[in-house]
**Student:** 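Handing you this structure, nothing more for now.
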Protein chains: 2
Amino acid sequence: MTQPATTASLTGDELETWAGLATVLEWLPAALDAPLERDFGLTHFEYGILYALANAPDHALRMTVLAGYANSSLSRLSRAATRLEARALLERSRDPDDGRSTRAALTAAGLEAYAAATPGHVATVTRLVLDPLTAAQKRQLREITRRLQGAIRTDGAWQPPPSPVREA
Amino acid sequence: MTQPATTASLTGDELETWAGLATVLEWLPAALDAPLERDFGLTHFEYGILYALANAPDHALRMTVLAGYANSSLSRLSRAATRLEARALLERSRDPDDGRSTRAALTAAGLEAYAAATPGHVATVTRLVLDPLTAAQKRQLREITRRLQGAIRTDGAWQPPPSPVREA
DNA sequence: CACCATAACTTGCTCAATCAAGTAAATCTG
DNA sequence: CAGATTTACTTGATTGAGCAAGTTATGGTG
């Protein structure tokens with residue numbers, strides 16, 4: 001592939017750096033999600049919901065709070081909650097303290113599904129991300145992702161949520 | 001958030017490493033794509049198609065080859081080509097050498113759209129990924145992504161395509 | 001050269017994500 | 001304390017992605 005002379009483009013090490021990250025960005029999420037989907041019929045997003053609820057007091061959270069934890073719009077969460085409710089993994093009820101709020105709570109089956117899916121997911125993360133790196137590289141990666149997050153956060157309209165709770 | 005004693009989970013540095021990467025995995029793609037979408041009405045995927053074609057001989061490629069470059073299923077590419085064709089950025093025609101193949105070619109308008117979108121996209125990549133890192137960190141990141149790609153590639157069913165051409 | 005398998009798409013169906021509009025319950029304001 | 005605003009969702013409509021089935025063209029076999 002030749003570069004057209006008319007357009008700016010990256011070269012050399014910078015191109016290689018970007019290409020490497022771009023490839024990971026494209027393939028890692030799919031590789032992480034596939035076992036979850038295959039073995040438990042859960043998308044990564046749905047697993048994130050179960051994770052947040054499983055680790056919350058009484059295994060319940062208000063929808064808005066849950067949306068923040070899951071990096072989700074309320075609309076998307078609402079749809080996902082409908083799906084999980086249809087599978088009896090989750091229940092919604094009006095919050096007695098504030099009638100505007102909805103309380104989403106894990107059912108016993110939901111907690112069970114979370115407990116069943118978690119070891120495999122942790123194993124996948126370990127296998128694909130942690131084991132391939134040396135201790136020094138993990139340290140480097142922490143600093144690198146910290147910097148990238150900083151750049152994203154200060155980039156105009158992009159405001160990650162206050163506490164991006166991540167699963168596993 | 002307390003950890004339930006019943007499930008395996010990551011802790012300490014390992015958790016932090018994973019959480020940092022997961023956050024980047026979640027926010028960086030959106031941050032990279034947003035300006036492209038906003039300013040040119042192009043998804044990252046569509047831009048990738050334009051990039052691959054713009055850099056191909058005669059600005060044309062067979063659909064199957066293009067799907068490989070864009071890391072896409074043929075079905076997804078076909079839909080995207082329909083959309084781009086409707087905007088007159090791309091044309092499809094039967095390949096005279098092999099009647100089974102379809103040749104996708106950039107129109108003049110398509111090449112123009114690619115040229116218009118590229119500088120901004122390169123700037124976004126530079127601002128969000130390259131500028132925040134030191135030269136040493138870029139080097140570290142290249143090696144880290146190399147290792148992660150290796151882990152993904154050897155992970156059971158996950159076979160990235162032979163030559164994952166990345167834009168910019 | 002007829003037949004069958006394969007390759008290269010295309011298309012219909014379904015699911016999930018977003019956006020915008022709607023509803024209901026606080027909360028603020030004059 | 002009545003009316004307006006805000007908050008917290010929910011839902012209808014549109015759009016993109018994947019899967020599976022369909023179509024057309026090639027290539028191999030006896």
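Convention: sequence-line order gives letters A, B, ...; per-chain numbering from 1. Hydrogens, waters and symmetry mates are skipped; everything else that's a heavy atom, side chains included, is used.
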**Student:** Polar pairs (N or O, both sides) under 3.5 Å between protein and nucleotides 19-24 of chain D?
**Tutor:**
| unit_1 | atom_1 | unit_2 | atom_2 | d |
| --- | --- | --- | --- | --- |
| D:dC19 | N4 | B:Ser75 | OG | 2.9 |

**Student:** Contact class for A:Ser101 vs. all strands (heavy atom < 4.0 Å): base, sugar-phosphate, or nothing?
**Tutor:** sugar-phosphate

**Student:** Who are the salt bridge (Lys or Arg N to Asp or Glu O under 4.0 Å) partners of B:Asp95, not counting sequence neighbours?
**Tutor:** none

**Student:** Do we see a donor-acceptor contact under 3.5 Å between the side chains of B:Tyr51 and B:Thr118?
**Tutor:** no

**Student:** CG of A:Leu74 versus C1' of D:dT6: gap in Å, rounded?
**Tutor:** 14 Å

**Student:** Of the listed nucleotides (D:dT10, C:dT10, D:dA17), which one gets closest to any side-chain atom of B:Arg83?
**Tutor:** D:dA17

**Student:** To the nearest Å, give me how far apart CD (B:Glu37) and C1' (C:dT18) are.
**Tutor:** 11 Å

**Student:** Is there a side-chain polar atom (N or O) of B:Thr102 under 4.0 Å from OP1 or OP2 of C:dA8?
**Tutor:** no

**Student:** Can you measure A:Glu46 atom CD to C:dA16 atom P for me and round it to whole angstrom units?
**Tutor:** 7 Å

**Student:** I need the CG-C1' distance between A:Leu77 and D:dT11, as an integer number of Å.
**Tutor:** 14 Å

**Student:** Between B:Thr64 and C:dC9, is there a side-chain N or O to OP1/OP2 distance below 4.0 Å?
**Tutor:** yes

**Student:** Start at the 5' end of DNA chain C and walk down; is the nucleotide closest to A:Ser72 or to A:Gly99 reached first?
**Tutor:** A:Ser72

**Student:** Is the shortest side-chain N/O distance from A:Arg62 to OP1 or OP2 of D:dA8 below 4.0 Å?
**Tutor:** yes

**Student:** Would you mind telling me which of C:dT10, D:dA17, C:dA17 lies closest to the side-chain atoms of B:Arg76?
**Tutor:** D:dA17

**Student:** Do A:Arg147 and A:Glu143 meet the salt-bridge criterion of a basic N to acidic O distance under 4.0 Å?
**Tutor:** yes

**Student:** Whole angstroms only, please: what is the CG-C1' distance between A:Asp98 and C:dT27?
**Tutor:** 10 Å

**Student:** Between A:Ser78 and A:Leu74, is there a donor-acceptor pair closer than 3.5 Å when you use the side chain of the first and the backbone of the second?
**Tutor:** no

**Student:** In whole Å, what is the span from the CE atom of B:Met63 to the P atom of C:dT11?
**Tutor:** 10 Å

**Student:** Hey, could you give me the CG/CG distance between A:Leu42 and A:Asp33, rounded to the nearest 0.5 Å?
**Tutor:** 10.5 Å

**Student:** Please check this pair: side chain of B:Thr102 against backbone of B:Arg92, looking for a donor-acceptor N/O pair closer than 3.5 Å.
**Tutor:** no

**Student:** Among C:dC9, C:dA17, D:dT10, which nucleotide has an atom closest to any side-chain atom of A:Arg92?
**Tutor:** D:dT10

**Student:** Rounded to whole angstrom units, what separation is found between the CG atom of A:Asp95 and the P atom of C:dA26?
**Tutor:** 10 Å

**Student:** Starting at CD of B:Glu26 and ending at P of C:dA17, how long is that distance when rounded to a whole Å?
**Tutor:** 12 Å

**Student:** B:Arg103 near the nucleic acid: base, sugar-phosphate alone, or nothing, with a heavy-atom cut-off under 4.0 Å?
**Tutor:** nothing

**Student:** Between B:Leu77 and B:Ala67, what is the shortest heavy-atom contact and its length?
**Tutor:** CD2-N, 3.5 Å

